[in-house]
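This report concerns only the one structure given below.
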Amino acid sequence: MRWSSLFTPTLRDAPGDAEATSHKLLVRGGFIRPLHAGHYTYLPLGHRVRAKVIKIIQEEMNAIGGQEIMVPTMHPASIWQASGRWDSMGDVMFRVQDRHGSDNALGVTAEEIFATVGAELSSYKQLPQMWYQINTKFRDEARPKNGLLRVREFTMKDAYSFDIDEAGLDTSFDAQHQAYLKIFGRLDLEAIPVEASSGNMGGTDSVEFMVRADTGEDEVLICPNGDYAANIEKAISTLSTIEDEAGLAAPEKFATPNIRTIEALAKAGYAADRQIKTMVFVADGETVLALVRGDHQLNEQKLADATAANVVRPASSDEALAALGARPGSLGAVGVTDLRIMADPSLRGRRAMATGANEDDWHYRGVDVNRDIAVDEWVDLREVQAGEACVNCGAALGMVNTIESGHIFKLGRGYAEKFGAQVLDKNGKQVPVVMGSYGIGVDRAIATVVETHSDENGIIWPAAIAPYEVVITIVQMKDDDSVAAATELYNQLLSAGVDVLLDDRDARPGVKFADAELIGIPHRIGVGPRALAEGNVEYTPRATGDTELVAIGDIASRIQQAL
RNA sequence: CGGGACGUGGCGCAGCUCGGUAGCGCACCUGCUUUGGGAGCAGGGGGUCGGGAGUUCAAAUCUCCCCGUCCCGACCA
């Protein structure tokens, strides 16, 4: 491609509303343009990068036996109603009506659709199957932000596996896991696989692939010894045990005027780790109590997962009053029997604890949790803090910000049962297949690469996904020898199959160098009278910025070696 | 959804307090001079000032409503 014909409007200034590095650079470099919030146009350079990322994903999916198909992006409401996700998706799902008034959904994911296709499977002999598509997804995010990192319309690779049993699913899941590591490796992204919450996907295990980045919104707890990594929504740690004194024969109510916080009660002589923090939540309309130790934080996603509710929210002060007879600050679960009580295991067996008495300005002391509180479910609710001990080796866990770049799920038989994806097993018995689902956001992957591959001058693309692998900069367009030599080199690289861009614009050298760096072409060849007089060209890798003189006869093979 | 800010040519911004008919930088076009890290001079094109209503002789500027965008939080398959 000749740059003089290339449409890549570069900007000296980033748009004022861009914050994230990838957002600024992708817009400045002329890769993308916003249409409206969360929807972007891909210009030629961006489209080339996207195509290369897709190709890598296809190659790795095909390598593990994936078969590419494509399902519609608009789905009838009925299929989502059948799985229950027409409701549980809530506002995230775009819904449109057709001329007959029928409801339709724009796809946020496609478990339902693939399971429907899977209904045509009929025998265990056909399994395993692995199908995938690379297609547009729509998600009405509460707040699209940071350019391509969080959008409402995006390209996703979603794959689905079909196996006869759990062992088969494990094999498929592991194949995807390994393929993801290869894909991210080829994108030059260091993806950390972590244990994750499955959200409303259902199923059992899920693994997220997280890339460290300051702009990342997901927090991950990671062991320095490399034997544990988990999303904060799922992470656990080892706590030191607390030896309690015997305590009282029964809880004793005592006056605590104006004491409304854990901290205040601690100052009054009841240490935070000897208190029970009682929080009231509303899970799909049902009032539930969540109990954690006074010095612990509750993680709402853990609570949401434990309740299996679609929407979990903190109760208002008035709702707490209605449920327990007191306002936050004096709440407790002693004697409560009419509400669902969920407690963190760190409270199990604790004695001589202090907690609210459900009467403003009064607390209980001497509470024996097992004896005095009717806990319905013991579930992990506590949010792990940095510095706590790794469950595998005891080392202090670190906390890092990450971008979720991929997520794989073991779905189980739920979708297959609902959509009739059943086969006859060896015994001639009809059984639902076991499914897995596996997603990578293409656009987010692109943005993540930019987040982790840039400097003050612009993007530094890995060669595998760079819009062009090489740019030949003609330093002086008026120098006929330069133009001739550069053009010959250009044709030579083209016929060798190299993605090469010839900067033949009638612009000053500074402009050309700055643009080449901004759009991040990994290899730059400068052709100008100075070096050419000695039979040389200038070779500058984008990553280092160091320029080296190379004989013009050697540069082509040198480049091909580097690629 | 709660809090905050913003909306003026393709991009970045000023003008608004105190109403008088729109300006600067970049980019773009023409010419000349330049030419090894975002050139200089001269000339030029391009704007319903987010939209609507209102106040006024007069609205980018004041008032009201609406729309949109961004940031923080909530939320996030």
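Naming: A, B, ... by sequence-line order, numbering from 1 per chain.
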Considering only the C1' atoms, how many Å lie between B/A59 and B/U69, rounded to the nearest integer? 24 Å
Please verify the inter-ring angle class for A/Tyr180 with A/Phe184; under 30° counts as parallel, over 60° as perpendicular, anything in between as tilted. perpendicular
Provide, to the nearest angstrom, the distance between the CD atom belonging to A/Glu19 and the P atom belonging to B/A5. 16 Å
May I have the distance from A/His407 (atom NE2) to B/C76 (atom C1'), rounded to whole angstrom? 13 Å
Only one of A/Val49, A/Asn135, A/Leu148, A/Thr155 forms a side chain to side chain contact (heavy atoms under 4.5 Å, CB included) with A/Val442, so which one is it? A/Thr155
My understanding is that a pair needs two contacts under 3.5 Å, Watson-Crick or G-U wobble. By that rule, which nucleotide pairs with B/C57? B/G20
Would you say that A/Arg313 contacts A/Glu319 through its side chain, given a criterion of any heavy-atom pair below 4.5 Å between the two side chains? yes
With a non-hydrogen cut-off below 4.0 angstrom, is A/Lys512 in contact with a base, only sugar-phosphate, or nothing? nothing
For atom CD of A/Glu141 and atom P of B/A74, their distance in whole Å: 15 Å
May I have the distance from A/His23 (atom NE2) to B/C70 (atom C1'), rounded to whole angstrom? 10 Å
Upstream residue (5' side of RNA chain B) when A/Gln301 and A/Asn146 are each assigned their closest nucleotide: A/Asn146
NA contact type, A/Ala37, heavy-atom cut-off 4.0 Å: base, sugar-phosphate, or nothing? sugar-phosphate
Looking only at atom C1', what distance separates B/C64 and B/C70, rounded to whole Å? 24 Å
Tell me whether A/Arg150 is salt-bridged to A/Glu141, with the criterion being a basic N under 4.0 Å from an acidic carboxylate O. yes
Provide the distance between the two P atoms, one in B/C28 and one in B/G73, to the nearest whole Å. 39 Å
Counter-base of B/C76, judged by Watson-Crick or G-U geometry with both distances under 3.5 Å: none
Mind checking if A/Phe138 touches a base, just sugar-phosphate, or nothing, with heavy atoms under 4.0 Å? nothing
Over 60° means perpendicular and under 30° means parallel, so tell me whether A/Trp80 and A/His75 are parallel, tilted or perpendicular. parallel
A correct 5'-to-3' footprint of nucleotides 28-36 of chain B, with B, S and - meaning base, sugar-phosphate only and no protein heavy atom under 4.0 Å, is ------BSB
Could you go through nucleotides 42-47 of chain B and list every protein N or O atom that sits under 3.5 Å from one of its N or O atoms, giving the distance for each pair?
none

Quick one: A/Asp455 CG to B/G37 C1', roughly how many Å, whole number? 14 Å
Looking at A/Glu517 and B/G37, is any side-chain donor or acceptor paired with a base atom of the opposite kind under 3.5 Å? yes
B/C67 and B/G50, which share atom name C1', separated by this distance in whole Å: 7 Å
Within this structure, what is the NZ-to-P distance between A/Lys302 and B/C76, rounded to whole angstrom? 16 Å
Is it the case that A/Lys410 places NZ or CZ above or below the six-membered ring of A/Phe173, under 6.0 angstrom from the centre and within 45 degrees of the axis? yes
With rounding to the closest Å, how many angstrom separate the C1' atoms on B/G46 and B/U63? 32 Å
Mind calculating the distance between CE (A/Met210) and P (B/C76) to the nearest angstrom? 15 Å
Ignoring hydrogens and angles, state whether a donor on the side chain of A/Thr10 or A/Arg28 is under 3.5 Å from an acceptor on the partner side chain. no
What does B/C41 pair with, Watson-Crick or G-U, if both distances are under 3.5 Å? B/G31
For A/Asp174, I'd like to know if atom CG has over 12 heavy atoms of other residues, nucleotides or ligands within 6.0 Å. yes
Nearest-Å distance for atom pair CZ/P, residues A/Arg505 and B/G38: 14 Å
Check every strand shown and say whether A/Asp91 touches a base, only sugar-phosphate, or nothing at a heavy-atom separation below 4.0 Å. nothing
On a whole-Å scale, what distance lies between the C1' atoms belonging to B/U48 and B/G9? 12 Å
For the P atoms, the ones on B/G23 and on B/C49, what distance do you get once it is rounded to whole angstrom? 14 Å
If you assign A/Arg524 and A/Gly439 each to the RNA chain B nucleotide with the nearest heavy atom, which residue ends up on the more 5' nucleotide? A/Arg524
Give me the ring orientation class for A/Tyr40 and A/His23: parallel if the planes are under 30° apart, tilted from 30 to 60°, perpendicular past 60°. perpendicular
Between A/His177 and A/Phe209, does the ring centroid distance fall short of 6.0 Å? yes
Report yes or no: is there a donor-acceptor pair, N or O only, under 3.5 Å between the side chain of A/Arg143 and the base of B/C70? no
Should we say atom CD of A/Glu417 is surrounded by more than 12 heavy atoms from elsewhere, each under 6.0 Å from it? yes
Whole-angstrom distance between B/A14 and B/G25, as gauged at atom P: 15 Å
So what's B/G36 paired with, Watson-Crick or G-U wobble, going by both distances under 3.5 Å? none
Counting only heavy atoms not in A/Asp506, do more than 12 sit closer than 6.0 Å to its CG atom? no
Proximity of A/Trp461 and A/Tyr468 rings by center, below 6.0 Å: no
Using a 4.0 Å heavy-atom cut-off to protein, can you give one letter per nucleotide of nucleotides 7-14 of chain B, 5' to 3': B if the base is in contact, S if only the sugar-phosphate is, - if neither? ----SSS-
Rounded to the nearest 0.5 Å, what separates atom OG in A/Ser437 from atom CD1 in A/Ile408? 9.5 Å
Report the nucleotide, chosen from B/U69, B/G38, B/C76, that has the shortest atom-to-atom distance to any side-chain atom of A/His36. B/U69
Going by purine N1 to pyrimidine N3 plus the second Watson-Crick contact, or the G-U wobble pair, all under 3.5 Å, which nucleotide sits opposite B/G9? none
Taking a pair as Watson-Crick or G-U wobble with both distances under 3.5 Å, which nucleotide is matched to B/U48? none
